[in-house]
Number of protein chains: 2
Amino acid sequence: MPTQQPAGLATHAFAQLRDAIIGGELAPGEPLYEIHLASQLGMSRTPIREALKLLAQDGYVELLPTRGYTVPKRSHDDIREFFELRAILEAGASRHAALRATDAEIAQLEKLSERYEREKNDEKWNQLGHEFHSLIIAAARNSRLATMLNSLNTQIVISRRSVARAADAGRRATAIRDHRAILDAIKARDDVRAEKLAGEHVWRSYETTLKSYSPDLFVSKKIR
Amino acid sequence: MPTQQPAGLATHAFAQLRDAIIGGELAPGEPLYEIHLASQLGMSRTPIREALKLLAQDGYVELLPTRGYTVPKRSHDDIREFFELRAILEAGASRHAALRATDAEIAQLEKLSERYEREKNDEKWNQLGHEFHSLIIAAARNSRLATMLNSLNTQIVISRRSVARAADAGRRATAIRDHRAILDAIKARDDVRAEKLAGEHVWRSYETTLKSYSPDLFVSKKIR
DNA sequence: CAGTTATTCTGTGTATACACAAAGGATACG
DNA sequence: CGTATCCTTTGTGTATACACAGAATAACTG
């Protein structure tokens with residue numbers, strides 16, 4: 001039996017709405033009305049309200065003055081901010097992970113990495129990549145950092161959904177090479193290199209995302 | 001006339017409670033009851049509830065299973081996480097600020113820095129230091145990063161309040177030297193150096209905070 | 001017919017009543 | 001006197017009713 005600790009309608013509404021937004025069933029720009037959602041989810045306005053307030057604080061929805069909630073549209077500047085932040089945090093996490101990961105964690109990373117390199121199915125491949133990052137984050141031993149990064153990563157997923165991008169072969173090879181390099185740095189306990197590589201890795205994924213988001217506006221920049 | 005845009009009792013309650021926690025009027029470990037706070041602030045439970053939920057998400061209060069809210073006690077591990085996170089973010093902000101700050105912003109930083117070095121009053125001196133950091137964060141051009149850092153910084157203030165520390169002469173001199181060095185790096189548009197210096201600066205402030213928090217448990221570590 | 005003003009309609013903001021679960025203490029029983 | 005059970009108390013979780021503000025629309029006027 002899974003963890004059945006808090007329950008609560010508000011929690012349920014939160015998860016339900018968040019997944020709907022991530023899944024793309026609620027498109028950006030779409031208005032969200034408490035009353036409507038309440039009847040739709042079979043509960044009163046109160047728990048819906050709480051869920052929306054929480055979602056708003058995480059950036060999943062936006063509250064217009066007194067006119068209601070909407071799923072926000074992401075501007076190019078928003079995308080940039082997301083990835084900058086993620087690059088900073090992921091780099092920091094990798095640095096700490098290089099110094100703090102247990103041998104068992106490193107072995108697990110190695111295993112994950114091998115499966116990652118072999119996996120053909122796009123969906124599963126993405127999932128494995130996500131697990132790899134999560135494990136590094138866990139090894140960094142900073143719960144607040146972990147919470148932020150996880151929230152940020154799911155939000156970035158939203159941005160990607162909105163452009164229906166493809167995982168072409170080139171991107172795949174690059175990602176695999178990046179992951180391998182980061183793992184090697186962690187195994188060598190080289191925190192400085194792990195930090196640098198993780199930052200560059202995120203930056204590269206930013207470039208591909210941006211490219212598919214709006215090809216004509218894309219300009220290549222030097223990685224630092 | 002000041003900005004009178006959102007208003008709302010919930011917003012008011014949020015600010016009121018947050019300031020009470022920061023100010024130390026609500027001590028860590030103290031239980032917070034919706035009903036009590038409601039009558040105390042002259043409003044109903046509803047806006048109080050919202051404020052508490054939001055405060056909980058920011059880490060200002062903690063929600064026990066179904067037994068109510070409390071102001072959380074900070075463990076040494078919490079303090080470490082705070083400062084690690086702040087070091088990572090502040091370093092990243094400084095790096096971007098070095099590349100993006102306008103000449104006007106740099107001039108303003110220069111001015112602030114001079115006042116900072118001269119100011120004798122402890123209270124005002126701290127305030128100026130905070131403004132210095134805020135300006136750098138603003139120059140980094142990342143609103144999400146800014147929001148996180150500001151929230152984090154006020155929470156760190158809480159940890160400090162709880163130990164009533166003194167700004168001794170040594171700490172003051174070190175801080176002034178650090179700020180000057182960071183400013184120089186930004187003026188030189190040297191993002192790598194700015195990043196490194198900002199990280200080290202936060203780390204040093206961690207050491208002093210930890211020292212005053214529990215002198216006997218303090219162990220000096222090498223800065224990286 | 002255009003521009004201005006009422007009015008209604010739709011949404012959130014707030015207050016309040018009730019449901020329910022858990023902790024603490026009193027009481028009955030061994 | 002110790003222990004288990006029941007009851008009361010105290011708190012949050014949820015539902016609902018009302019207040020209020022803004023936008024859209026209808027009506028009115030020149």
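Only heavy atoms go into these numbers, but all of them, side chains included; no hydrogens, no water, no symmetry mates. The sequence lines fix the lettering, A, B, ..., with proteins before strands; numbering per chain opens at 1.
Between L52(A) atom CG and dG13(C) atom C1' the separation is 14 Å, expressed in whole Å. dG13(D) atom P lies 14 Å from atom OH of Y33(B), rounded to whole Å. Between the P atom of dG13(D) and the CG atom of L54(A) lies a distance of 12 Å, rounded to the nearest Å. Atom NE2 of H12(A) is separated from atom C1' of dT14(D) by 15 Å (rounded to the nearest Å). The CD1-P distance, from I48(A) to dT14(D), rounds to 11 Å in whole Å. Rounded to a whole Å, the CD atom of E34(A) is 14 Å from the C1' atom of dT16(D). Rounded to whole Å, the distance from CZ on R45(A) to C1' on dC18(D) is 11 Å. When rounded to the nearest whole Å, the span between CD1 of I35(B) and P of dT9(D) equals 14 Å.
Using the six-membered ring where Trp is involved, F132(B) and Y116(B) have ring planes that are parallel, under 30° apart on the 30 and 60° scheme. Ring pair H133(A)/H179(A) is perpendicular by interplanar angle, where above 60° counts as perpendicular and below 30° as parallel.
Within the 4.0 angstrom heavy-atom criterion, only backbone atoms of the sugar-phosphate kind lie near L32(A); the bases stay farther away.
Under the 4.5 Å side-chain criterion, counting only non-hydrogen atoms from C-beta, V61(B) is in contact with I21(B). With contacts defined as side-chain heavy-atom distances shorter than 4.5 Å, the pair L63(A)/T70(A) does not qualify.
Relative to the side chain of L63(A), the nucleotides dG13(C), dA15(C), dA15(D) differ in distance, and dG13(C) lies closest. Considering only side-chain atoms of R49(B), the nucleotide from dT10(C), dT14(D), dT12(C) that sits closest is dT14(D). Checking dT14(C), dG13(D), dT10(D) against every side-chain atom of L9(B), the shortest atom distance belongs to dT14(C).
Listed pair T46(B) / dT14(C) fails the phosphate criterion, with no side-chain N or O lying under 4.0 Å from OP1 or OP2.
Between R80(A) and E207(A), none of the side-chain N atoms (NZ, or NE/NH1/NH2) sits under 4.0 Å from a carboxylate O, so this pair counts as no salt bridge.
Positionally, the nearest nucleotide of DNA chain D for G68(B) lies more toward the 5' end than for the other of M43(A) and G68(B).
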